[in-house]
Amino acid sequence: MNENQYHGAFQTQVPFMEQVRQWNVAYEEKNGRKRRYFCFTMGCQMNAHDSEKIVGMLEEMGYEATQAETDADFVIYNTCCIRENAEQKVYGKLGWLHHLKRTKPELIVALCGCMVQQETVLEKLHRSYRHVDIIFGTHNLYKLPELLDARIQSGSPVCDIWKEQGDIVEDLPSHREHPYKAAVNIMYGCNNFCSYCIVPYVRGRERSREMADILAEVEALVKDGVKEIMFLGQNVNSYGKTLSPQVSFAQLLRETNKIEGLERIRFMTSHPKDLSDELISAMAECEKVCHYLHLPVQSGSSRVLKEMNRRYTKEQYLALVDKIKAAIPDIFLSTDIIVGFPGETEEDFEETLDVVRKVGYSTAFTFLYSKRTGTPAAVMENQVEEAVAHERFDRLLDVLNPKIHEIHSGLVGKTLPVLAEEVSRQGEDMLSGRTEQNTLVHFPGDPSLIGQILPVKLTENKTFYFLGERVGNE
Ligand code: 5AD
Ligand code: SF4
């Protein structure tokens, strides 16, 4: 381990990493195998990216991965709390781990991520889940080596949660899930306080990374073989507002577009209220920026949108969509929709269906409203009955899915560049990959082609994916 490899706050972790590594080396010498970790990730891409850093640190410390939780010496859950069922799942898992620990007393159990940033959750964990060894939050992920070392030295549980975010810590080791595509955080936190959403309370205020740091990271990734990057932020459209001098997300895209060897740029998530004309032009003009935009609408009712604190109306959203489609005619749009927000009436819901019909999304993530303690919506009157919300949810899919099929039918017969990502679940002689517009395609191909961008003819529209065949591969 080379101390000079790391910069800033993360350097404080180097001695702890070394200490744990030695502890693991001694174990390996005695037992003829490495200690194993099992990392379970819930929730969004931001969490998935955090887990790559967790895994990066664990591997630096001499652990190796196992896919079997029962074989692990260190189990970590990177949690989500955006909806209640994610939390219930964690409590269920913790109960099971309690049993496992009885037969494996050396097992170390760690919990991190959004869920543990909530005080009520922490109280519950301290009260009823004392077998959890290490708890840390979203703001101090980089301290895992120190906390792990403290747990090993003391034999007692350690808990370190920061209520407030600190400075952004750069340069953590990271274990990328894919060799040819990578996620890059461009900002952390959220200032929007949509009334249903817990994220601003658990991820803190909006902070942007310096553009030079982001570009340097992308350049290093490209040197390492990455062809596609995904810029991540809760609200990428307000990137750079907290920097001095201010920069815009459009500027970041234009600079990134110049990086030689990089082929595709994606990003998420865009808040409709902050999507500027400057960004639309950048998307239209930068050839590496994919013609795919995730633009969560949440509801089609202007009244509900106001209650949600989204700060746009149905009409403004539709006008924005029209403007984007005019500037980028082959754009594919995806969205998030919440059904059953407090006070949602049948008429409000009809407005959501109307937006779905008018926009024509290629993908949509649909959610039943989930009450999150601490958010303004949790104490709103007129919470919608579960049965009513479920019934609307089903009707939403009945409108959404044929529309998705229709949007995709426009691609049948076309030959498009597809980044081959992995062996397909459809069969061992098939690969799956994505078009620029994020459409999933399964096509016959050899695993040696993974990581290449290939011309693939889309032959059959299966609504949520395509079957295709490579062109010019004799
Ligand atoms: N209930 C249901 N869905 C929610 N989301 C955020 N908070 C909630 C909630 N309390 C959805 C939104 C957001 C996506 C990431 O999760 O649609 O865009
Ligand atoms: Fe939550 Fe709204 Fe922020 Fe998205 S923009 S993370 S929905 S508060």
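Start at 1 and go down the list; that is how both ligands and their atoms are numbered.
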Q: Quick one: which ligand 2 atoms are inside 4.0 Å of a heavy atom on P200?
A: 8 (S)
Q: Within the 4.5 Å heavy-atom criterion, are T435 and V418 side-chain neighbours or not?
A: yes
Q: Atom 2 (C) of ligand 1: which protein heavy atom is closest, and how many Å away?
A: L368 O, 3.4 Å
Q: Give the residue and atom name of whichever protein heavy atom lies nearest to atom 1 (N) of ligand 1, and the separation in Å to one decimal.
A: S370 N, 2.9 Å
Q: Taking 4.0 Å as the limit for heavy-atom contacts, which would you say applies to R203 with ligand 2: side chain only, backbone only, both, or neither?
A: neither
Q: Can you tell me which portion of C190 lies within the under-4.0 Å heavy-atom range of ligand 2? Options are side chain, backbone, both, or neither.
A: side chain
Q: Could you identify the single nearest non-hydrogen protein atom to atom 1 (Fe) of ligand 2 and state the distance to 0.1 Å?
A: C197 SG, 2.3 Å
Q: Around atom 7 (N) of ligand 1, find the nearest protein heavy atom and jot down its residue, atom name and distance.
A: Y196 CD1, 3.3 Å
Q: Is D336 in polar range of ligand 1, meaning some N or O pair under 3.5 Å apart?
A: yes
Q: So that I know where these two stand, are F231 and Y239 an aromatic pair - ring centroids less than 6.0 Å apart?
A: no
Q: Identify the closest protein heavy atom to atom 8 (S) of ligand 2: which residue and atom is it, and at what distance?
A: C194 N, 3.4 Å
Q: Is there a side-chain contact between R203 and C190, using heavy atoms and a 4.5 Å cut-off?
A: no
Q: Nearest protein heavy-atom contact for atom 5 (N) of ligand 1: which residue, which atom, what distance?
A: R83 NH1, 3.6 Å
Q: At what distance is the nearest protein heavy atom to atom 12 (C) of ligand 1, and which residue and atom is it?
A: Q298 OE1, 3.4 Å
Q: For Q234 and Y188, does a side-chain donor sit closer than 3.5 Å to a side-chain acceptor?
A: no
Q: Kindly confirm or rule out a cation-pi arrangement of K358 over Y317, judged by NZ or CZ under 6.0 Å from the six-membered ring centre and within 45° of its axis?
A: no
Q: Among I82, N192, T269, which one has a heavy atom closest to atom 5 (S) of ligand 2?
A: N192
Q: Could you tell me if the ring centre of F341 sits under 6.0 Å from that of Y369?
A: yes
Q: Check P296 against ligand 2 and report side chain, backbone, both or neither, counting heavy atoms closer than 4.0 Å.
A: neither
Q: Looking only at distance, does R372 have an N or O less than 3.5 Å from an N or O of ligand 1?
A: no
Q: May I ask you to list the atoms of ligand 2 that are less than 4.0 angstrom from any heavy atom of F193?
A: 8 (S)
Q: If you measure from each non-hydrogen atom of Y196 to ligand 2, which part falls under 4.0 Å: side chain, backbone, both or neither?
A: side chain
Q: Ring centres under 6.0 Å, that's the criterion: do H294 and Y361 meet it?
A: no
Q: Please report whether the ring centroid of F74 lies less than 6.0 Å from that of F38.
A: no
Q: Would you kindly check if the NZ (Lys) or CZ (Arg) of R83 is within the cone defined by 45 degrees around the ring axis of F367 and under 6.0 Å from the six-membered ring centre?
A: yes
Q: What atoms of ligand 1 come closer than 4.0 angstrom to any heavy atom of I338?
A: 3 (N), 4 (C), 5 (N), 12 (C), 17 (O)
Q: Among all protein heavy atoms, pick out the one at the shortest distance from atom 4 (Fe) of ligand 2; state its residue, atom name and that distance to 0.1 Å.
A: Q234 O, 4.5 Å
Q: Could you check whether H442 and F466 have their ring centres less than 6.0 Å apart?
A: no
Q: Regarding D50 and N78, do their side chains bring together a donor and an acceptor under 3.5 Å, going by distance alone?
A: no
